[in-house]
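The sequence lines fix the lettering, A, B, ..., with proteins before strands; numbering per chain opens at 1. Just so you know, these numbers use all the heavy atoms, side chains as well, and skip hydrogens, waters and symmetry mates. Just so we're clear, the structure is a prediction, and the values are computed from it rather than from any experiment.
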Amino acid sequence: MTDKFISIEGIAKRYDGARSTTIFENLWLGMTRGEFVCVIGHSGCGKTTVLNILAGLDVPSEGAVIVDGQAIEGPSLDRAVIFQSHALLPWRTVLGNVAYAVSSKWRKWDRAKVKAHALKYIELVGLSGAEHKRPSELSGGMKQRVGIARALSITPKIMLMDEPFSALDALTRGTLQDEVRRICVETGQTVFMITHDVDEAIYLADKIVLMTNGPGAVLAEIVENPLPKDRLRGDLHRHPLYYALRNHIIDFLVSRSKTFTADTPDHDPRKVPVVRIGRTEPIIVSSKPADSDGPQAVAS
Amino acid sequence: MTASLRLRAAIVSIFLLAVFLGAWHLATRSTGTAANMSPEYAKLMGLTATQGKSAMPGPLDVGAKLWEHLKRPFYDNGPNDKGLGIQLAFSLGRVMLGYLIAVAIAIPLGFLIGMSPLMSKALDPFIQIMKPISPLAWMPLALYTIKDSSLSAIFVIFICSVWPMLINTAFGVASVRKEWINVARTLEVGNFRRAFTVILPAAAPTILTGMRISIGIAWLVIVAAEMLVGGTGIGYFVWNEWNNLSITNVIIAILLIGLVGMVLDQILARVSRLVTFPE
């Protein structure tokens, strides 16, 4: 971990008041270039705050975040955010929303150039033909596609996604996950994503960061995803380590996220343990093996 | 279904109008019981006493007079006898001038208040005290300081229309969704460009609502203001015709004030629809 592209260095977030609350403190995390990191944790653990600090929208009470050798000092066009609520400007068309981002990044470009560039990314997310529609005329999935096109159009160094698919129905979510995965693999995008969805994390992430419950949340583990980079949604569950990985994460969310801090008094937040799933799940003898003749998963 | 609803509503409206006009006509009809009196005394008493004619004009009298006015809206026979078109133009001119000055001040100031919590808190007590003051209460002060009755009327229009716009602009700007501001921030959009490309379009519907309230108040107040300052304008016309005891003209003026007010409101409603965005 010598060449960290993103390095979160001992950040803390506190809210002062009659009772000051510490959302999290002394939080350390490194990411290399081209890595897809998912953070999983329960609501209120401060995931979104971490993302907002990465985006430069929020300021840590302590510590700093270094991206590509430079400390973050506010929002930047190098770091694009995909918001949970898509955050499209409703008075602009699809093209207008993407063009707004493009013309913000390249202020000297003329209209035609901005339009051509924006259209390229609208096409990339599969919205050609809808470029003159307003957000109110689009479905939830289409809106989020516009959000993705807007984020990609400024060719950011990092994409920050705050539960981008949580407001979508399962089918749309699956399709959009496929799209995001394809685009990120093709472009080698560095991604920091927050999610609640274990399967989403397993499908998309290279590393899955487990966060304990707040207040006083810590990064408990960094779980390496044993699945190959060219994984397919339909084959996920056939991988020998899939269930071990999934169960590990679910165990964490169900029980260990509450008790982790008490159980692990010697936890060093600067050296978050990296977990490599090395064994398959024990097979219950009286039943069929889980990894061979299981029922077909329904791919979207 | 909507077309038929509209049609039925129109029929009911016309029916109600007919009932109203009919009742009006019947109520003001000549009773025909002329008192028996000497001709000299009858001259002093007027038509009410001699022919039993009501002092209140009927709809036909008003219609005839209105037609007369509509045929010659812009005549000018001196200070006390001008066409209704001229009077309305004077009133509208004052309203527009006072209103535009109010727009020019309220919207930038509203932006400042909406964007700065400090200014919002600091100016709040002043706004709260100034807002409920009847605009006409400013009139003596305006007359004394400006020393021009026509300008004072414009000032009164300004002062009454500035508050709804100021408050609505400040509210609209302050309640622009955080996520839209964050979008602009992550795109490194500067403050000035952010104000025009995000905050203004987002707050425009609220600002327009304030402007619509203001134009309504301004049109209400101009009539009262012109009654006080005199000279020209539809408010002065109403008062002048009251002094002439021409109830017919007063009724015609009331009708026109309503119509013009409705047109002003509809214009702003139209503009408001242009800037409203569906979500």
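Within the 4.5 angstrom heavy-atom criterion, no atom of V275(B) approaches chain A. Neither the backbone nor the side chain of A204(B) comes within contact range of chain A; no heavy atom of the residue lies under 4.5 Å from a heavy atom of that chain. Proximity to chain A (any heavy atom under 4.5 Å) is shown, for T276(B), by neither the backbone nor the side chain. Residue contact with chain B, scored on non-hydrogen atoms closer than 4.5 Å, involves the backbone and the side chain of L57(A) alike. Contact of L160(A) with chain B is not made at all, since no heavy-atom distance falls under 4.5 Å.
For the atom pair L187(B) CG and S153(A) OG, the distance stands at 8.0 Å (nearest 0.5 Å). Going from atom CD of Q144(A) over to atom CG of L168(A) covers 6.0 Å, rounded to the nearest 0.5 Å.
Heavy atoms of other residues, nucleotides or ligands lying less than 6.0 angstrom from CD of E73(A) number 12 at most.
Inspection of the S85(A) and E179(B) side chains reveals an N or O donor paired with an N or O acceptor under 3.5 Å. R173(A) and S166(A) share no side-chain donor-acceptor pair at under 3.5 Å.
In terms of non-hydrogen atom pairs under 4.5 Å with chain B, the most contact-rich of N52(A), L89(A), D78(A) is L89(A).
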